[in-house]
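All values derive from a computational prediction rather than experimental measurement. A, B, ... follow the sequence lines: proteins, then strands. Residue 1 opens every chain.
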There are 2 protein chains.
Amino acid sequence: MSEKIRGGRSRRELKNGAGEVLRSPCPVACALDILGDRWTLLVIRDLLLGRSRFKDFAASPEGIPSNILSERLGRLLRHGLAEQVPAEDGTMRLGYRLTEKGRALGPVLRTLRDWGLKWEPSTEARMK
Amino acid sequence: MSEKIRGGRSRRELKNGAGEVLRSPCPVACALDILGDRWTLLVIRDLLLGRSRFKDFAASPEGIPSNILSERLGRLLRHGLAEQVPAEDGTMRLGYRLTEKGRALGPVLRTLRDWGLKWEPSTEARMK
DNA sequence: CAAATTACTTGCAAAAAACAAGTAAAATGA
DNA sequence: TCATTTTACTTGTTTTTTGCAAGTAATTTG
């Protein structure tokens, strides 16, 4: 249950909300264990824009591969950033929706967007 | 110089500041092309905390592998987020320092940190 | 000047991502 | 109603990235 680290001290092995081992107690490192890849924050961007269906995410201009999208949606569910809900169009299909924890990433997405707009040429925003 | 996309329309192939092809004109996608992995933002965190030497980044508790650190520092230089400067301790060694473009990621790191602190248990901040 | 430190590079195995194709359930249309 | 299409994935394969272990050359320290 405890692990030796350099010097002979021991520490409790830290876990995140999904029970995975953390690299460190740093909140940035912990956030990146969930969000740190080229696709996850784009799916969250789409969810913040009101998109909710697999096909909607797949239709975004970046062209996420379907197996990656599938894996990322599962990860968002596991970590409690999103949940599944019946689609609003009266069909039997399911959609995805951000939880409060997921919606709380709004400020992160907005600061990232603002940075991109200011510092990378030829980008343009569609998010408020 | 132009590329066919679905429907026969063509578009200019977009590039970022380092001349790499963009997945889309979205500023978030463009930012993630540079920052979207498990390590880059941790190096920027360390730079924002005032660390400047290879060994300082390598000593962070997350334990970044040295070849990954090397590659990421090169990427930060290529994209103009960091620059090399003589170390302040009078030795012949070089250190790294954020440029204005790199320092402009401060708000992104702070919102990420705040999200981690609020939503992931057992994390604690060392960044102001 | 010998030993240690620093800042990397190289080689390799494992994991993840990309690409292509397939599938089963649900929806649509004739 | 029943064949066709769409949706939401899964499976298999190739390519790329990651992580670890070691090595190395240029400093720096004792």
Side-chain angles (χ1 to χ4, degrees), chain A residues 3 5-6 18 20-24 29 32-44 46-47 51-79 82-97, chain B residues 3-6 18 20-24 29 32-43 46-47 51-79 82-97:
Chain A
E3 187 198 347
I5 56 176
R6 49 191 171 285
E20 297 159 357
V21 176
L22 296 183
R23 290 180 287 177
S24 83
L32 291 175
D33 283 336
I34 302 169
L35 308 168
D37 65 70
R38 291 170 67 251
W39 294 110
T40 301
L41 285 169
L42 293 181
V43 175
I44 291 171
D46 286 351
L47 284 161
R51 292 170 196 146
S52 66
R53 301 276 289 274
F54 191 97
K55 68 161 194 280
D56 300 326
F57 311 132
S60 279
E62 293 83 14
I64 185 170
S66 67
N67 57 342
I68 304 282
L69 174 56
S70 203
E71 198 274 329
R72 292 304 192 277
L73 287 169
R75 179 141 104 203
L76 295 181
L77 296 177
R78 276 205 321 283
H79 288 278
E83 58 196 347
Q84 282 190 307
V85 287
E88 299 115 28
D89 56 4
T91 66
M92 286 290 100
R93 307 267 175 183
L94 290 173
Y96 295 86
R97 177 171 67 184
Chain B
E3 186 199 348
K4 292 283 183 189
I5 55 176
R6 50 191 170 283
E20 296 159 357
V21 176
L22 296 184
R23 289 179 286 176
S24 83
L32 290 176
D33 284 336
I34 302 170
L35 309 167
D37 64 72
R38 291 171 65 250
W39 295 110
T40 301
L41 285 170
L42 293 180
V43 175
D46 286 352
L47 285 160
R51 291 170 195 143
S52 66
R53 301 275 290 276
F54 193 95
K55 68 162 192 282
D56 300 326
F57 310 133
S60 279
E62 294 83 15
I64 184 170
S66 68
N67 58 338
I68 304 278
L69 174 56
S70 203
E71 198 275 328
R72 293 304 191 278
L73 287 169
R75 185 195 297 190
L76 294 181
L77 295 177
R78 277 206 320 282
H79 288 277
E83 58 195 348
Q84 283 190 307
V85 288
E88 300 114 30
D89 57 4
T91 65
M92 287 291 100
R93 307 264 175 186
L94 289 174
Y96 296 85
R97 177 171 68 183

Using atom [atom1] of [X] as one end and atom [atom2] of [N] as the other, report the distance to the nearest whole Å.
X       : N      : atom1 : atom2 : result
B:Arg72 : C:dT9  : CZ    : P     : 14 Å
B:Phe54 : C:dA7  : CZ    : C1'   : 6 Å
A:Leu69 : D:dT7  : CG    : C1'   : 12 Å
A:Asp37 : D:dT18 : CG    : C1'   : 14 Å
B:Leu32 : C:dA17 : CG    : P     : 13 Å
A:Leu94 : D:dC9  : CG    : P     : 8 Å
B:Leu76 : C:dC8  : CG    : C1'   : 16 Å
B:Asp56 : C:dC8  : CG    : C1'   : 15 Å

Taking only N and O in the side chain of [X], is any of them less than 4.0 Å away from OP1 or OP2 of [N]?
X       : N      : value
B:Ser70 : C:dT9  : yes
A:Arg53 : D:dA8  : yes
A:Arg38 : D:dT17 : no
B:Arg93 : C:dC8  : no
B:Trp39 : D:dG19 : yes
A:Thr91 : C:dA26 : no

Contact class for B:Tyr96 (heavy atom, under 4.0 Å): base, sugar-phosphate, or nothing?
sugar-phosphate
For A:Ser66, which contact category applies under a 4.0 Å heavy-atom criterion: base, sugar-phosphate, or nothing?
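Base contact.
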Not counting sequence neighbours, which residues clear side-chain contact (heavy atoms from CB on, under 4.5 Å) with B:Asp33? List them please.
A:Arg38, B:Leu22, B:Arg23
For A:Met92 and for A:Glu71, locate the closest nucleotide of DNA chain C by heavy-atom distance; then report the residue assigned to the nucleotide nearer the 5' terminus.
A:Glu71
Need to verify one output field. Residue with the more 5' nearest nucleotide on DNA chain C, B:Gln84 or A:Ile68?
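The answer here is B:Gln84.
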So, the side chain of B:Arg75 versus the backbone of B:Ile34: is there a donor-acceptor pair under 3.5 Å, distance only?
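Side chain of B:Arg75 to backbone of B:Ile34: a pair is present.
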Less than 4.5 Å apart, side chain to side chain, heavy atoms only: is that true for A:Val43 and A:Leu73?
yes
State whether the distance check finds a donor on one side and an acceptor on the other, under 3.5 Å, for side chain B:Asn67 versus base C:dC8.
no
Going through the checks in order, is the side-chain contact (heavy atoms from CB on, under 4.5 Å) test met by B:Leu42 and B:Ile64?
CA-CA 9 Å; B:Leu42 293 180; B:Ile64 184 170; over 6 Å; no
Determine, for A:Arg78 against A:Glu20, whether the closest basic-nitrogen to carboxylate-oxygen distance falls under 4.0 angstrom.
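Yes, A:Arg78 and A:Glu20 are salt-bridged.
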A:Lys55 side chain: which of D:dT7, D:dT10, D:dG19 is closest?
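Side chain of A:Lys55 sits closest to D:dT7.
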